[in-house]
Amino acid sequence: MAKTKYDFSSFSELDFYKKVNARLVELAEVEKLARIIELGCGTGGVTELILDRVNTAKNTVIYAIDSSASAIAASFARLESRKEAVIKFIQTEAQNLGSTVAEQVDSVIFCNSIHYINNKIDMINQIGNRLKSGGTFAFNTSFYSGSHPPETEVILRKWMMKTIRLLKNRYGILPKKTEKAESRVQLTPENYIELVLSNGFYIKEKEVIEVDVPLDGWYHISSFQDWIEGVLPGIPLAKGKEILQETVKDLFEELNIQTLQRNWLSIVAVKK
């Protein structure tokens, strides 16, 4: 029997999510760049978006970095026929950037993962050290204070209440009160701006995109380990996935809604 995956891959292939990241790649103006680092490349979805915009294979090098060997393998298989640029796949944690890529580059792109970094000051400092003067650091996140519009809070609470009730009734278990996962310790947009400003950058672009996330988005994110552990700490992954997916489908049907809004913060900062 195949092992169940609790990764981000099914969510990352949804059209609305590709559009969010395509906007960040557009803001980063990658078509003007020769050397690019992509942190947290996953299965290659954003790398593909970068390739769609770069100009010439002979001038462009992409360092695609991810901690997962299986994600790197999937990304390689996905992109091996693409010739728009040289892609150098590297398996390591984003936090090891300083000892991973020796040369200075034109841009570092970090899609929807910076919220997982514990020591963000050190991470941004490493990014700054890898960038040429005038190089760009482009990142986005949907895990920040303000990502949930106020009018959606009551719906999200209702989802969690339905989930906890069903977990207790079906399996006799409840989430454990533990320390928040790093992605649940949410900074404000102003916090992120201060982080980059204090590490030798200035802000070129700051944008908040209001995204109408369809049921598919909420359904697929409920199969992702970090999401399950974040909203249901201590619950076995299989049970958490089952209940979250069941209750979100019921919730959308009960409320007769097609989407639920979530906001993405995008920032492009330039090294002084």
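Note that these values count all heavy atoms, side chains included, but never hydrogens, waters or copies made by symmetry.
- Environment of CE in Met160: crowded, with over 12 heavy atoms of neighbouring residues, nucleotides or ligands closer than 6.0 Å.
- Between Glu242 and Lys239, none of the side-chain N atoms (NZ, or NE/NH1/NH2) sits under 4.0 Å from a carboxylate O, so this pair counts as no salt bridge.
- In this structure, Arg262 fails the cation-pi test against Phe16, since its NZ or CZ atom is not both closer than 6.0 Å to the six-membered ring centre and inside 45 degrees of the ring normal.
- Within a 6.0 Å radius of CD in Gln258, no more than 12 heavy atoms belonging to other residues, nucleotides or ligands are found.
- Contact annotation: the side chain of Trp227 approaches that of Ser222 to within less than 4.5 Å [non-hydrogen atoms, C-beta and beyond].
- The aromatic rings of Phe8 and Tyr17 stand perpendicular to each other, their planes meeting at an angle above 60°, with 30° marking the opposite boundary.
- A salt bridge is absent between Asp106 and Arg130; no separation between the charged side-chain nitrogens and carboxylate oxygens falls under 4.0 Å.
- In plain terms, the two heavy atoms of Val30 and Ile36 that are nearest each other are CB-CD1, 4.0 Å.
- Atom OH of Tyr171 has more than 12 heavy atoms from other residues, nucleotides or ligands within 6.0 Å.
- Scanning all heavy atoms of the two residues, the minimum distance from Gly45 to Arg78 falls at N-NH1, 3.6 Å.
- Considering SG of Cys41 and CD1 of Ile90, their distance stands at 9.5 Å, rounded to 0.5 Å.
- In this structure, Arg23 pairs ionically with Glu207, as a charged nitrogen and a carboxylate oxygen lie closer than 4.0 Å.
- Ser10 meets the side-chain hydrogen bond (donor to acceptor under 3.5 Å, both in side chains) test with His220; sequence neighbours excluded.
- Under the 4.0 Å criterion applied to side-chain N and carboxylate O atoms, Lys204 and Glu29 are assigned as salt-bridge partners.
- Side-chain atoms of Glu38 do not come within 3.5 Å of backbone N or O of Ile109 as any donor-acceptor pair.
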- Query: Could you walk me through whether Asn191 and Thr188 pass the side-chain hydrogen bond (donor to acceptor under 3.5 Å, both in side chains) check?
  - Reply: CA-CA 5 Å; Asn191 293 148; Thr188 65; 3.0 Å; yes
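- A salt bridge links Lys162 with Glu254: the closest approach of a Lys/Arg side-chain nitrogen to an acidic carboxylate oxygen falls below 4.0 angstrom.
- Remark: Asp122 pairs with no residue by the salt bridge (Lys or Arg N to Asp or Glu O under 4.0 Å) rule, at least two apart or across chains.
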Listed pairs under 3.5 Å, donor-acceptor, residues 265-272 side chains, sequence neighbours left out:
| residue | atom | partner | partner atom | Å |
| --- | --- | --- | --- | --- |
| Lys271 | NZ | Gly128 | O | 2.8 |
| Lys271 | NZ | Leu131 | O | 2.7 |

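- The aromatic rings of Trp218 and Trp159 sit perpendicular to each other, their planes meeting at more than 60°, with 30° as the lower class boundary.
- Between Thr100 and Ile37, every side-chain heavy-atom pair lies at or beyond the 4.5 Å cut-off.
- Side-chain contact between Thr43 and Glu13 is present, with heavy atoms from C-beta onward closer than 4.5 Å.
- Side chain of Lys120 to backbone of Ile117: a donor-acceptor contact under 3.5 angstrom is found.
- Considering Phe110, Tyr192, Trp264, Phe201 as possible partners of Phe139, the one that fulfils the ring pair (Phe, Tyr, Trp, His ring centres under 6.0 Å) test is Tyr192.
- The side-chain heavy atoms of Ile87 and Leu51, taken from C-beta on, include a pair separated by under 4.5 Å.
- In terms of hydrophobic clustering, with Ile, Leu, Val, Met, Phe, Trp and Tyr side chains grouped at heavy-atom distances under 4.5 Å, Ile121 and Tyr202 are assigned to different clusters.
- Residue Glu153 qualifies as enclosed at atom CD: its count of foreign heavy atoms under 6.0 Å is above 12.
- A salt bridge is defined here as a Lys NZ or Arg NE, NH1 or NH2 lying under 4.0 Å from an Asp or Glu carboxylate O, and Arg35 with Glu103 meets this definition.
- Under the 4.0 Å criterion applied to side-chain N and carboxylate O atoms, Arg170 and Glu246 are assigned as salt-bridge partners.
- Judged by distance alone, with hydrogens and angles left aside, the side-chain atoms of Asn112 form a donor-acceptor pair with the main-chain N or O of Ser142 at under 3.5 Å.
- Here the side chains of Ile65 and Thr92 are in contact, with some heavy-atom distance below 4.5 Å.
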